[in-house]
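These numbers come from a predicted model, not from an experiment.
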Amino acid sequence: MKRNNKFLGYLKLSLLFCFLLISCSKNLDTENTQIEEQDTKILGKENVLFIGNSHTYFNQGVPSHLAKFRANDNLEFTPIIQEFARGGYTLQDHLADQGTLDKIKERKWDVVVLQENTFIAEQVLPETIDAMVALSEMVIPKGTKVFLFVTWPYENEGHMLSGIRETYQNASRAVGGTIVPVGVEWQQINQNEEVSVNLYNSDGVHPSLEGTFYATAMFYKAIYGLSPSNNTYNAGLSDEVANYLKTKVD
């Protein structure tokens with residue numbers, strides 16, 4: 001009788017051990033699943049596509065410098081920040097370019113940045129708004145956020161800014177996009193006497209490295225909600241110039 005009781009005791013202990021082992025295994029699986037879901041969610045916020053022209057790709061491109069800003073954030077993954085930009089292109093040109101359409105369809109983009117040809121933007125044409133709407137409608141149903149890259153007037157042609165701003169304001173209302181007003185304070189920064197900085201390339205149209213850096217810092221804050229002043233990346237510029245441009249964004 002004692003032997004039977006002893007056997008039953010061992011059996012109960014064995015069953016309890018098995019139960020605890022199965023429970024721990026299930027909890028571990030649940031925790032791993034949650035971690036995987038969190039990682040996927042984080043990664044899902046990092047697919048950024050810029051669509052534009054040379055204002056986007058000059059000086060190695062805003063996307064390239066934006067990726068370097070992000071690299072300094074010590075992420076545990078590499079964000080996908082790319083561009084499809086061709087010299088002189090308008091957004092109407094992009095609509096007619098199969099390369100652009102294929103790039104849009106390439107993956108689920110979390111952010112798409114639209115940059116219109118500056119000369120065309122200044123004219124406030126309905127075709128520009130139509131193009132922005134058409135491109136946005138390709139991505140918004142997938143949950144993509146649209147940002148609008150407000151470029152700067154040509155050097156010594158500040159009057160262009162009025163038309164440029166109106167175009168992007170109209171586009172923002174039409175597509176619900178977020179305006180990134182890169183060109184709005186451009187001339188004031190360029191004329192600052194305290195820090196020697198020239199945002200224009202020698203052609204008076206394209207950005208200098210300082211101009212591209214300033215635009216990048218604007219997008220860094222707009223897309224990620226982070227202060228560029230808290231990031232050490234400076235694109236090879238002097239600390240004085242880089243920090244000055246960052247503070248203009250903050």
**Item:** Approximate separation, where rounding is to 0.5 Å, of Glu185 CD and Leu161 CG
**Value:** 11.0 Å
**Residue pair Pro63 / Ile81: nearest heavy atoms and the distance that separates them** = O-CG2, 3.6 Å
**Prompt:** Would a distance-only check, ignoring hydrogens and angles, find a side-chain to backbone donor-acceptor pair under 3.5 Å from Lys108 to Asn47?
**Reply:** no
**Item:** Side-chain H-bond candidate by donor/acceptor type, Thr56 with Glu83, under 3.5 Å
**Value:** no
**Prompt:** Can you tell me how far the OG1 atom of Thr216 sits from the CD atom of Gln60, to the nearest 0.5 Å?
**Reply:** 10.5 Å
**Item:** Flag side-chain contact, heavy atom, 4.5 Å: Glu194 against Tyr244
**Value:** no
**Request:** I would like to know whether Val205 and His55 meet side chain to side chain contact (heavy atoms under 4.5 Å, CB included); could you show each step before the answer?
**Result:** CA-CA 9 Å; Val205 174; His55 283 61; 3.9 Å; yes
**Item:** Closest approach of His94 to Thr100 (non-hydrogen atoms, all atoms of both residues)
**Value:** ND1-OG1, 2.8 Å
**Message:** Could you measure the distance from the CE atom of Met132 to the OG atom of Ser172? Nearest 0.5 Å is fine.
**Reply:** 10.0 Å
**Complete:** Heavy-atom nearest pair, Thr167 first then Val124, reads OG1-CA, 3.2 Å
**Asked** Under a 4.5 Å cut-off applied to non-hydrogen side-chain atoms, are Trp152 and Pro207 in contact?
**Response** yes
**Message:** What I'd like to find out is whether the side chain of Leu199 reaches to under 4.5 Å of the side chain of Leu245, using heavy atoms alone.
**Reply:** yes
**Asked** Does any donor atom in the side chain of Thr151 or Thr118 lie under 3.5 Å from an acceptor atom in the other side chain?
**Response** yes
**Asked** If Ile, Leu, Val, Met, Phe, Trp and Tyr residues are connected whenever their side-chain heavy atoms lie under 4.5 Å apart, and connections chain through other members, are Trp186 and Phe58 in the same group?
**Response** no
**Prompt:** Can you list the steps and then say if Arg86 with Asp93 is a salt bridge (charged side-chain N to carboxylate O under 4.0 Å, His left out)?
**Reply:** CA-CA 9 Å; Arg86 298 187 186 279; Asp93 292 330; over 6 Å; no
**Complete:** Minimal heavy-atom distance between Asn234 and Ala242, with the atoms involved, is CB-CB, 3.5 Å
**Request:** Is it possible for you to say whether Val184 and Val180 belong to one hydrophobic cluster, with membership spreading through side-chain heavy-atom contacts below 4.5 Å?
**Result:** no
**Message:** Can a side-chain donor-acceptor contact be found between Ser208 and Glu210 if the only test is distance below 3.5 angstrom?
**Reply:** yes
**Message:** Are Phe84 and Ile140 linked, directly or through intermediate hydrophobic residues, by side-chain heavy-atom contacts shorter than 4.5 Å (ILVMFWY only)?
**Reply:** no
**Request:** Indicate whether any N or O donor in one side chain lies under 3.5 Å from an N or O acceptor in the other, for Tyr200 and Asn156.
**Result:** no
**Message:** Between Ile104 and Tyr57, is there shared hydrophobic-cluster membership here, with clusters defined by ILVMFWY side-chain heavy atoms closer than 4.5 Å?
**Reply:** no
**Request:** Identify the two heavy atoms, one from Pro228 and one from Phe69, that lie closest to each other, and give their separation to 0.1 Å.
**Result:** CB-CE2, 4.1 Å
**Request:** Check whether the side chains of Asp97 and Tyr89 place a donor and an acceptor atom closer than 3.5 Å, and report yes or no.
**Result:** yes
**Prompt:** Can you find a pair of side-chain heavy atoms, one from Lys103 and one from Leu101, that are under 4.5 Å apart?
**Reply:** no
**Prompt:** Between atom CG of Asn192 and atom CD of Gln187, what is the distance when rounded to the nearest 0.5 Å?
**Reply:** 14.0 Å
**Message:** Test your reading of the model: is there a side-chain donor-acceptor pair from Asp73 to the backbone of Leu75, 3.5 Å cut-off?
**Reply:** no
**Spacing of CG belonging to Leu49 relative to OG1 belonging to Thr144, to within rounding of 0.5 Å** = 9.5 Å
**Request:** Report, as yes or no, whether the 6.0 Å neighbourhood of atom CZ on Arg70 holds more than 12 heavy atoms from other residues, nucleotides or ligands.
**Result:** yes
**Prompt:** How about Phe219 and Phe50: are their ring centroids closer than 6.0 Å?
**Reply:** yes
**Item:** Minimum side-chain heavy-atom gap Glu116-Phe149 below 4.5 Å
**Value:** no
**Request:** Answer yes or no: is there a side-chain heavy-atom contact under 4.5 Å between Glu122 and Pro153?
**Result:** no
**Asked** Transitively linked via ILVMFWY side-chain contacts under 4.5 Å: Val249 with Val48?
**Response** yes
**Prompt:** Hey, are the side chains of Phe119 and Tyr154 touching, using non-hydrogen atoms and a 4.5 Å cut-off?
**Reply:** yes
**Message:** Out of the candidates Ile120, Asn53, Leu114, Asp130, only one should pair with Leu91 under the side-chain contact (heavy atoms from CB on, under 4.5 Å) rule; please name it.
**Reply:** Leu114
**Side chains of Glu127 and Leu95 in contact at under 4.5 Å (non-hydrogen atoms)** = no
**Prompt:** Atom CD1 in Ile51, atom CG in Leu135: separation rounded to 0.5 Å?
**Reply:** 5.5 Å
**Item:** Closest heavy-atom pair and its distance - Tyr168, Ala121
**Value:** CE1-CB, 4.2 Å
